[in-house]
There are 2 protein chains.
Amino acid sequence: MKPIKVGLLGLGTVGTGVVRIIEGHQQDLVSQTGAEIEIAKVLVQDKSKARNIALTAQKLTDSPEDVISNPDIDIVVEVMGGVEPAKQYILEALDRGKHVVTANKDLMALHGREILSRAAEKGCDVFYEASVAGGIPIIRTLVEGFSSDRITKIMGIINGTTNYILSKMSQEGAAYADVLKEAQQLGYAESDPTSDVEGFDAARKMTILGTLGFHANVALSDVKVRGISQVSKADIAYGKQLGYEVKLLGIAERNDEAISISVQPTMVKKSHPLASVNGVYNAVYVYGEAVGETMFYGPGAGEMPTATSIVADLVAVVRNLTLGINGQRGIAPYREKKLKTDDQIRAKHFILLHVQDKAGVLAQITQVFAEHEVSLESLLQHPNDANPSAEIIIITHDANQASMNKVLQQFEAMDVVQAIKSVYRVEV
Amino acid sequence: MKPIKVGLLGLGTVGTGVVRIIEGHQQDLVSQTGAEIEIAKVLVQDKSKARNIALTAQKLTDSPEDVISNPDIDIVVEVMGGVEPAKQYILEALDRGKHVVTANKDLMALHGREILSRAAEKGCDVFYEASVAGGIPIIRTLVEGFSSDRITKIMGIINGTTNYILSKMSQEGAAYADVLKEAQQLGYAESDPTSDVEGFDAARKMTILGTLGFHANVALSDVKVRGISQVSKADIAYGKQLGYEVKLLGIAERNDEAISISVQPTMVKKSHPLASVNGVYNAVYVYGEAVGETMFYGPGAGEMPTATSIVADLVAVVRNLTLGINGQRGIAPYREKKLKTDDQIRAKHFILLHVQDKAGVLAQITQVFAEHEVSLESLLQHPNDANPSAEIIIITHDANQASMNKVLQQFEAMDVVQAIKSVYRVEV
């Protein structure tokens, strides 16, 4: 078979990893696919920049057309990131009959449907394993490994920055701001960390996982998002005391009627497999009606892990080329989604209150829960330093979100409640 | 598309699960494959046996020919287990152009190459995801998810019975014999538990994982096997004290020259992701040169998890039927294996010795390690109840197996060494 020619859009960290794997594993790749994979052209911003990589100067270009309109190129690998101009380049490449491999979560979360439709129309493959959870082949697992099952819950630690920060806060009892600063110095967090710490990055990935896991047309705007910037040392300490770790989880759930998707800091019981996923590692927990509990763990980012997923996608495209079946696999029909309302979302909750330290307060608090039919699993009362005030930590049984909201509203209006310090979803 | 007709060989636990999933998820399966999947015929031992399952009497047969020679049947699912007559039935089905899905680890470990060659010859698919680690799609992960990477290490907790026993021993400080008895009463262990507790079941699964992970012609006889029947309460207690859990691991390693595969009880550092896999759960840890550390966790056995993998394979066969590409995917060329010699296998070791409690003994012991260039990471000495004797616990740095063997031989010959109580490989 003649060599398969690949064009790269971008040569940052991940692009460099792709070049390294293709060069380093050439013999294995040939034995797997029957074809040589050759990097023919690479779009870069600055051709003259010194690079520690085996690419001759004439393979570099600063003109996108040299990749996307190049008749020699069979497959375009997009590793530039961001929505534009990546989207335009990919659509143009598809229009010219080129297959596409991308690591672009923003693009797939916002415009995945449009891109996949265009690909189907043109008989082209679009694969995007690297867009979620770096080196973990979670997209293949959902689409192929669990093709027989009805997945009802997906929970993911899919943002390494926030998991690093929360792990450090837990292990060292450190404050959020201090750990964030350290993470920025180590390069684990961006100088503007908003997208990571406020949960937006995770929300994009959950859009992709929800779409594939539930075969539904999930949109980014369907994901309720709350980040970790308000997680306090006290929350983590009380969580630990009760046997929980705080993790930023993407949570997608469905039953027969409807789905819900969110990203939120969550109290995860220590015995849960997600609780011991620490540092920059990612993990995706998948519950299927038939298979039950599973979890997939690995590096969520980084040059070589992300490149592993991209080149695995390249191998899949090349195998499809060999069989002449490109553009015919992997697009399951979408169901129209229906989102759960607040009274359909059920979960346990952790609540930390500051209340006046006087007789009858506890009775008033528990009465509010009773009124809204929220039953309690445990309740702890501590004296607080700031007298006359007490801290109350409550863990509820499963309760619907609508009732929980009413409980919290009522607390807001009560004089004896000085502050609702924190509220977390709980997963056991 | 016309309905795809499936014949089942066997209707035990797993076969029943397959029927339940196909019945229960029919609509999802149609939407994924474009075809209805129909169970046309099921081979059973006793047609008259009462079954709590939606199959009409005329679908049951006690004649294998009704399945394997039935011209209506497209795909044969083999869930009878054991080598014969399963092997004969599968080869006959392939000869008649039927695709095969099997959960049979014994068969694939011993005769996988013959069966896959026959399938390739006849243009048929043979898929066997369910043969290793039940509901975890580890075969797909190795073959497709990591197709781009060079896998250098696979470590698996792939036998639920032994993991249940070791977890209980660790959690309750119980003795092996007592926990085994309890496991037998609960149905987690067979009345003859040899195949599980002596590691033979795990060895078959490692043969399959080693073959796929390393693209090498691994044979069952290449796997060095040691079971858990000699694991003592003391071993587990000392392990815990030093921060380790004892797990029965399948370990496959390779470097550029050679491979080694074993099944053995192993001291696993508590921070390792495999250390917290408890009870009947399975997990497979995969290290790839590019991707780094990954782990895949889930139920390793049971009716529905195993059936999930089987029906996912059925979906893959049906998708291939739709595309007309059966028999053309998934068989990577085999490399000729070369097995590592003892001086090429390197690992840390845990050693528990009983020695005479007198001056100079420690010097003699450490001198033996020094002679064979085995360096020590830690050494603990305890007084022992049986005076005048002392217990010494040693953890070595990485040392090659040949040197370790010489050290142990020399201990055997020394008067001051009363007993080599235990030796474990250590994984951190």
Side-chain angles (χ1 to χ4, degrees), chain A residues 17 20-22 24-25 28-29 31-33 129 134-137 140-141 144-150 215 271 273 276-278 281 283 285-286 288-299 302 304-305 307-316 319 322-325 328-329 332-333 335, chain B residues 17 20-22 24-25 28-29 31-33 129 134-137 140-141 144-150 215 271 273 276-278 281 283 285-286 288-299 302 304-305 307-316 319 322-325 328-329 332-333 335:
Chain A
R20 283 193 218 279
I21 291 184
I22 291 178
H25 294 186
D28 292 319
L29 295 174
S31 98
Q32 302 240 356
T33 61
E129 182 65 77
I136 309 172
R140 278 185 174 70
T141 299
E144 301 187 13
F146 295 145
S147 61
S148 57
D149 204 357
R150 195 174 292 138
H215 308 293
S271 54
S276 44
V277 175
N278 287 317
Y281 276 90
Y285 168 98
V286 179
E289 277 183 3
V291 75
E293 290 193 286
T294 63
M295 191 181 84
F296 307 91
Y297 168 94
M304 298 308 276
T308 301
S309 287
I310 290 174
V311 182
D313 279 350
L314 270 177
V315 167
R319 283 177 176 162
T322 318
L323 298 170
I325 56 161
Q328 295 186 61
R329 290 177 73 90
R335 280 205 202 82
Chain B
R20 283 192 218 280
I21 291 184
I22 291 178
H25 294 186
D28 292 320
L29 295 174
S31 97
Q32 302 241 353
T33 62
E129 182 67 75
I136 309 172
R140 279 186 173 70
T141 298
E144 301 186 14
F146 295 145
S147 60
S148 57
D149 204 357
R150 195 175 292 139
H215 309 294
S271 54
S276 44
V277 175
N278 287 319
Y281 276 90
Y285 169 98
V286 179
E289 277 183 2
V291 75
E293 290 194 288
T294 64
M295 191 182 83
F296 307 91
Y297 168 94
M304 298 308 276
T308 302
S309 287
I310 290 173
V311 183
D313 279 350
L314 270 176
V315 167
R319 284 177 175 162
T322 319
L323 299 170
I325 57 160
Q328 296 185 62
R329 289 176 75 90
R335 279 205 202 82

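In what follows, chains carry the letters A, B, and so on, assigned in the order in which the sequence lines appear, proteins first and then strands, with residues in each chain numbered from 1.
Atom CG of residue B:D149 and atom OG1 of residue A:T308 lie 4.5 Å apart, to the nearest 0.5 angstrom. Expressed to the nearest 0.5 Å, how far CZ of A:R319 lies from CD of B:Q328 amounts to 13.0 Å.
Looking at heavy atoms from C-beta onward, A:E289 lies in side-chain contact with B:H25 at the 4.5 angstrom threshold.
Looking at residues two or more places apart in sequence or on another chain, you find a side chain to side chain contact (heavy atoms under 4.5 Å, CB included) between B:A312 and A:S147, A:S148, B:R140.
Residue with the most contacts toward chain B among A:A290, A:P137, A:G145, A:P299: A:A290 (heavy-atom pairs, distance under 4.5 Å). Ranked by heavy-atom pairs shorter than 4.5 Å toward chain A, the options B:V286, B:T141, B:V315, B:D28 are led by B:D28. Looking only at heavy-atom pairs under 4.5 Å with chain B, the residue among A:T294, A:V291, A:D313 that has the most is A:V291. Per-residue heavy-atom pair counts under 4.5 Å with chain A were compared for B:A283, B:G324, B:G298, B:G288, and the maximum is reached by B:G298.
Contact of B:Y281 with chain A is made through the side chain alone, with heavy-atom distances under 4.5 Å. Interface remark: B:P305 contributes backbone and side-chain atoms alike to the contact with chain A (heavy atom separation under 4.5 Å). Contacts of B:P273 with chain A are made by side-chain atoms alone, with heavy-atom separations under 4.5 Å and no backbone atom involved. Residue contact with chain B, scored on non-hydrogen atoms closer than 4.5 Å, is absent for A:E129.
Between the A:R150 side chain and the B:G24 main chain, a donor and an acceptor come within less than 3.5 Å of each other.
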